[in-house]
There are 2 protein chains.
Amino acid sequence: MDTAERLIESTQQLLWERGYVGTSPKAIQRLAGAGQGSMYHHFAGKPDLALQAIRRSAEQLCAQAEERFSEPGSAYERIAAYMLREREVLRGCRVGSLAHDPEVVASPALREPLSETFAYLRRRIEELLREGLDRGEFVEGMAPAGVAAALVAVVQGAYVLARSAGSAEEFERAVRGGLDLLSAYTARPAAPAEPRQQEEKT
Amino acid sequence: MDTAERLIESTQQLLWERGYVGTSPKAIQRLAGAGQGSMYHHFAGKPDLALQAIRRSAEQLCAQAEERFSEPGSAYERIAAYMLREREVLRGCRVGSLAHDPEVVASPALREPLSETFAYLRRRIEELLREGLDRGEFVEGMAPAGVAAALVAVVQGAYVLARSAGSAEEFERAVRGGLDLLSAYTARPAAPAEPRQQEEKT
DNA sequence: GTCTATATCTAGATAGAC
DNA sequence: GTCTATCTAGATATAGAC
């Protein structure tokens, strides 16, 4: 693997762990095993390198999500597969966590991949919901665009709850709660993709 | 207002805007109009000062939320009042945004107020949901603890979507989507606290 | 309680040799 | 393409005078 590539991957990792503000060129170089001169030869500086890294992470995230969206199964099942997929919860979302970084948000260029990612996720879930409505999988009365946004938000918010509590179980609880809400719109009890949470339903 | 107080409030503001990693003692002193010696006289250092500031923000947030939870009205209406309350959306959540800061999450002391805040919000919403179930406001089949966690997560995630897009409308859309989902569990169409979103319901 | 001086380390880069 | 040297600024304090 060449140096530029190692620098990008190291930056991806550090942005995930420490955010943009918390990531220094020196730390990137150390992790990539590259010198100062090497980094400034391949990239114009920290913002340039960060942009490449953020774009890469955004693409990878969308690709991972698309794998779940395009599985066989009902709309509910495919949405559940996305929301419940294996995650390193306590590390946070590689893309979403950057939305709290002041310098990322202040830079239209750095912010754009975030914006694209969430627009993509929302749009794909909206499509699945409309498909489900057409097939009679959901009862009428649901506004697909809003519900899709809410489901994406549940996942991002679930990371916040889990990291605040220092426990991945909080993620699980919030996401299953979101699916519980979605199931209230299913025309007949949806067969959940995973066994239900323990909490008894009143 | 005395110096210690001004230092705490300045720290609250900077933590909100820039996070813990992005906030320097010097910036705090500048904003508070206090000198180095003054800050280190009143506080042991940055972590100590930050702890006081985070606790303060957490208390204020819970108090603000409690105002909405204890309004008159149905459970749905009080939850909606909390979720739709006036917010400076693009600034993010003063408490939730700290959940993305690596040094806050790594410190049990700094993390505790976050954990407490979200536990409180979730518990209060769960109580409202149970109350609503007892009164027949919601149909059976809802798991209140999970749904409460999901609703808290929707709000936190909505901040992420809005800041990523650079637009407060994304917040609005996600939160209304969350309420749309909750309304699917209402025994009869809930009277929304605010006019419905424009999107036509299919 | 507050101030100024000082100290050490890192951030984020530029310059020029190899 | 990579390395080392150098630079200015800021982070995060401690020391001691006033």
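Below, chain A is the first sequence line, B the second, and so on; all start at residue 1.
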Letter by letter from the 5' end, nucleotides 4-18 of chain D scores (B base, S sugar-phosphate only, - none; protein heavy atoms under 4.0 Å) BB-----SSBB----

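Residues from residues 4-13 of chain B with heavy atoms under 4.0 angstrom of DNA chain D: there are none.
Look at CZ on A/Phe43: it is 12 Å from P on D/dG1, rounded to the nearest Å. Taking atom NE2 of residue A/His41 and atom P of nucleotide C/dA15, one finds them 16 Å apart after rounding to whole Å.
With respect to the salt-bridge test (charged N to carboxylate O, under 4.0 angstrom), the residues B/Glu172 and B/Arg176 qualify.
Within the 4.0 Å cut-off from OP1 or OP2 of D/dT2, at least one side-chain nitrogen or oxygen of A/Thr3 is found.
Scored by the salt bridge (charged side-chain N to carboxylate O under 4.0 Å, His left out) test, A/Glu127 finds A/Arg123, A/Arg124 as partners (sequence neighbours excluded). For the side-chain hydrogen bond (donor to acceptor under 3.5 Å, both in side chains) test, no residue two or more places apart in sequence or in another chain qualifies with A/Arg55. With sequence neighbours left out, B/Arg56 forms a salt bridge (charged side-chain N to carboxylate O under 4.0 Å, His left out) with B/Glu5. Partners of A/Ala148 according to the side chain to side chain contact (heavy atoms under 4.5 Å, CB included) rule, which considers only residues two or more places apart in sequence or in another chain, are A/Arg122, A/Ile125, A/Glu126, A/Leu129. Annotation: side-chain hydrogen bond (donor to acceptor under 3.5 Å, both in side chains) contacts of A/Ser57 (sequence neighbours excluded): A/Gln12.
Legend: side chain to side chain donor-acceptor pair (under 3.5 Å) pairs involving residues 39-49 of chain B, not counting sequence neighbours, sorted by first then second residue: B/Asp48-B/Gln52. Screening residues 108-119 of chain B for salt bridge (Lys or Arg N to Asp or Glu O under 4.0 Å), with sequence neighbours left out, gives no hits. Applying the side chain to side chain donor-acceptor pair (under 3.5 Å) test to pairs two or more places apart or on separate chains, those with a residue in residues 97-107 of chain A are A/His100-B/His100, A/Glu103-B/Arg18.
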Please table the atom pairs, donor to acceptor, closer than 3.5 Å between any side-chain atom in residues 85-93 of chain B and protein atoms at least two apart or in another chain.
residue : atom : partner  : partner atom : Å
B/Arg85 : NH2  : B/Gln64  : OE1          : 3.4
B/Arg87 : NH1  : B/Tyr159 : OH           : 3.1
B/Arg87 : NH2  : B/Tyr82  : O            : 2.8
B/Glu88 : OE1  : B/Arg91  : NH1          : 3.2

Determine which bases of DNA chain C form Watson-Crick or G-U wobble pairs with both distances under 3.5 Å, and write the result as a 5' to 3' dot-bracket string with | for other-strand partners. ||||||||||||||||||

